[in-house]
Amino acid sequence: MSRGRVGVIVAPANPSAEPELTRLLGSRADMHVTRFPVRPGQSLAERLESYNEALPSMVYAFDALPLNAMVMACSEPRYLLGPDEDRDQCAELTAATGVPFASATQATREAMEHAEVNDIVLVSPYQPWLTELAERFWKTTGLNVTQVIQVRAKNGYSSYAVTPAELISQVELAELPPDAVLLFTGTGMATLPVLGPLSAGNDRILLTSNLCTAWWALSRAIGQQVTLGRVPHRRYMGGAA
């Protein structure tokens with residue numbers, strides 16, 4: 001079986017996107033990574049804006065490497081935009097490069113449409129102002145955000161610093177319904193280790209930024225849509241990865 005090639009653009013200090021995407025893509029696609037430029041001295045909002053500004057040129061960082069799909073594995077900057085602007089830019093970059101392109105948020109949007117999701121519980125490790133933007137983003141797409149779980153690491157709000165144990169304990173404290181749909185936003189947050197414990201004994205759908213991004217990229221890399229099951233992490237996208 002020929003292997004697909006996926007180009008991935010990540011934030012400089014993201015510790016989780018590559019390990020999780022590698023595991024999710026499995027043996028059916030190779031991953032090639034480039035990182036956004038480091039912007040020392042900038043505030044978080046300024047840094048996120050700089051990633052959005054750099055994106056149109058970053059898609060050319062792979063030069064002549066043949067790719068089957070390309071993704072921006074970074075959700076936070078897209079919450080500064082509206083979902084329509086996010087979707088339209090993804091379409092423009094696809095047309096400009098000739099390679100199917102999606103941001104993590106656009107991939108997540110398409111994954112939720114594929115899974116026929118209407119109501120979500122948003123699990124966010126971001127600072128409160130950015131969590132509010134994320135909630136507004138998903139509501140604007142037409143989703144019903146029934147609850148927001150604001151996750152905090154030991155030393156503050158940071159998707160990179162939240163441990164799986166912290167994530168599990170704070171989600172469990174929310175006492176969610178057994179059939180809730182959870183969306184864990186943030187490609188930098190380690191989420192694969194928490195999916196088993198948080199789905200034990202219930203019928204929840206657990207979607208993460210990295211899971212949805214991998215689903216989107218793998219579907220393009222192999223030339224056919226991968227199936228997301230009722231609890232997709234248990235078979236990692238229908239056994240495709």
* Is Leu24 close to Leu218 at the side-chain level, that is, under 4.5 Å between some pair of heavy atoms? -> no

* Steps toward side-chain contact (heavy atoms from CB on, under 4.5 Å) verdict (Asp84, Arg87) -> CA-CA 5 Å; Asp84 289 345; Arg87 180 197 58 206; 3.5 Å; yes

* Asked: Can you check whether Leu25 reaches Thr22 side chain to side chain, under 4.5 Å on heavy atoms?
  -> no

* Test item: side-chain donor near acceptor, Tyr126 and Ser159, under 3.5 Å -> no

* Asked: If every non-hydrogen atom of Ala221 is compared with every non-hydrogen atom of Asn68, which pair is closest and at what distance?
  -> CA-CB, 3.6 Å

* Asked: Which residue pairs pass the salt bridge (Lys or Arg N to Asp or Glu O under 4.0 Å) test when at least one of the two sits in residues 10-19, sequence neighbours left out?
  -> Glu18-Arg35

* Asked: Is there a donor-acceptor contact under 3.5 Å from the side chain of Arg39 to the main chain of Ser50?
  -> no

* Okay, side chain of Asp203, backbone of Ser199: is any donor-acceptor separation there less than 3.5 Å? -> no

* Asked: Heavy-atom count around Glu116 CD within 6.0 Å, excluding the residue itself: above 12?
  -> no

* Asked: Would you say the side chain of Leu182 lies within less than 4.5 Å of the side chain of Ile205, judging by non-hydrogen atoms?
  -> no

* Please name all residues satisfying side chain to side chain donor-acceptor pair (under 3.5 Å) with Gln106, sequence neighbours left out, ordered by chain then number. => Glu110

* Asked: Does a donor on one side chain and an acceptor on the other come within less than 3.5 Å for Thr191 and Glu20?
  -> yes

* Just jot down the side-chain contact (heavy atoms from CB on, under 4.5 Å) partners of Asp30, sequence neighbours excluded, or say none. => Arg3, His32

* Asked: What residues form a ring pair (Phe, Tyr, Trp, His ring centres under 6.0 Å) with Phe62, not counting sequence neighbours?
  -> none

* **Results of side chain to side chain donor-acceptor pair (under 3.5 Å) for Thr187 - residues two or more places apart only** => Asn14

* **Residues in side-chain contact (heavy atoms from CB on, under 4.5 Å) contact with Glu135, at least two apart in sequence or another chain** => Leu122, Lys139, Val145, Val148

* Any Leu206 side-chain heavy atom under 4.5 Å of Leu198 side chain -> yes

* Structure fact -> Here the pair of heavy atoms bringing Gln89 nearest to Leu55 is OE1-CD2, 3.7 Å

* Could you pull out the closest heavy-atom pair between Ser57 and Ala54, with the gap in Å? => OG-O, 2.9 Å

* Asked: Taking a hydrophobic cluster as the set of Ile, Leu, Val, Met, Phe, Trp and Tyr residues connected by side-chain heavy atoms closer than 4.5 Å, whether directly or through intermediates, do Tyr51 and Tyr60 fall within one such cluster?
  -> yes

* Asked: For the hydrophobic clusters of this structure (ILVMFWY residues joined by side-chain heavy atoms under 4.5 Å, transitively), does one cluster hold both Phe36 and Leu81?
  -> no

* Give a yes or no on whether the backbone of Pro100 and the side-chain of Thr94 come within a donor-acceptor separation of less than 3.5 Å. => no

* Asked: Quick one: side chain to side chain donor-acceptor pair (under 3.5 Å) partners of Ser158, sequence neighbours excluded?
  -> none

* Who pairs with Asn52 by side chain to side chain donor-acceptor pair (under 3.5 Å), at least two apart in sequence or on another chain? -> Arg78

* Measure across Ser103 and Asp86 and return the closest heavy-atom pair with its distance rounded to 0.1 Å. => OG-OD1, 2.8 Å

* Asked: In chain order, what residues pass the ring pair (Phe, Tyr, Trp, His ring centres under 6.0 Å) check against Phe137, with sequence neighbours excluded?
  -> Tyr79

* With sequence neighbours excluded, what pairs up with Glu49 under the side-chain contact (heavy atoms from CB on, under 4.5 Å) test? -> Leu80

* Got a second to check how far Leu195's CG is from Leu167's CG, nearest 0.5 Å? -> 9.0 Å

* Structure fact -> Closest non-hydrogen atoms of Ser219 and Val226, given as atom of the first, atom of the second and distance, are OG-N, 3.0 Å

* Structure fact -> Those residues at least two apart in sequence (or on a different chain) that pass side-chain contact (heavy atoms from CB on, under 4.5 Å) with Ala111 are Cys212, Trp215, Leu228

* Asked: If you round to the nearest 0.5 Å, how far is OG of Ser124 from CD of Glu132?
  -> 10.0 Å

* What is the distance from atom CD of Glu113 to atom OG1 of Thr108, rounded to the nearest 0.5 Å? -> 11.0 Å

* Approximate separation, where rounding is to 0.5 Å, of Leu211 CG and Leu192 CG -> 7.5 Å

* Just by modelled atom types, is the Pro83 backbone N or O under 3.5 Å from a matching donor or acceptor in the Arg109 side chain? -> yes

* Heavy-atom side-chain proximity of Met72 to Pro77 below 4.5 angstrom -> yes

* Asked: Do the side chains of Trp216 and Val33 join up, straight or via other hydrophobic residues, at under 4.5 Å, putting them in one cluster?
  -> yes

* To do: Answer with yes or no whether the hydrophobic clustering places Ile9 together with Leu65; edges join I, L, V, M, F, W, Y residues whose side-chain heavy atoms lie under 4.5 Å apart.
  => yes

* **Polar side chain donor-acceptor pair, Thr146 to Asp119, under 3.5 angstrom** => no

* With a 3.5 Å cut-off and no angle check, do the side chains of Gln150 and Thr131 form a donor-acceptor pair? -> yes

* To do: For Tyr157, check ring pair (Phe, Tyr, Trp, His ring centres under 6.0 Å) against everything at least two apart and list the hits.
  => none

* Measure across Ser16 and Asn210 and return the closest heavy-atom pair with its distance rounded to 0.1 Å. => O-ND2, 4.0 Å

* **Heavy-atom side-chain proximity of Ile149 to Leu176 below 4.5 angstrom** => yes

* **Non-hydrogen side-chain atoms of Glu166 and Val151 separated by less than 4.5 Å** => no

* Path from Val38 to Val8 over hydrophobic side-chain contacts below 4.5 Å -> no

* Show your working on side-chain contact (heavy atoms from CB on, under 4.5 Å) between Leu183 and Val123 and close with a plain yes or no. => CA-CA 6 Å; Leu183 173 59; Val123 183; over 6 Å; no

* **Main-chain N/O of Pro177 paired to Arg204 side chain as donor or acceptor, under 3.5 Å** => yes

* With the side chain counted from C-beta on, respond yes when Leu48 and Leu130 share a heavy-atom pair under 4.5 Å apart, and no when they do not. => yes

* Spatial distance of atom CE (Met189) from atom OH (Tyr160) [nearest 0.5 Å] -> 12.0 Å

* Between CE on residue Met70 and OG1 on residue Thr97, distance to nearest 0.5 Å -> 4.0 Å

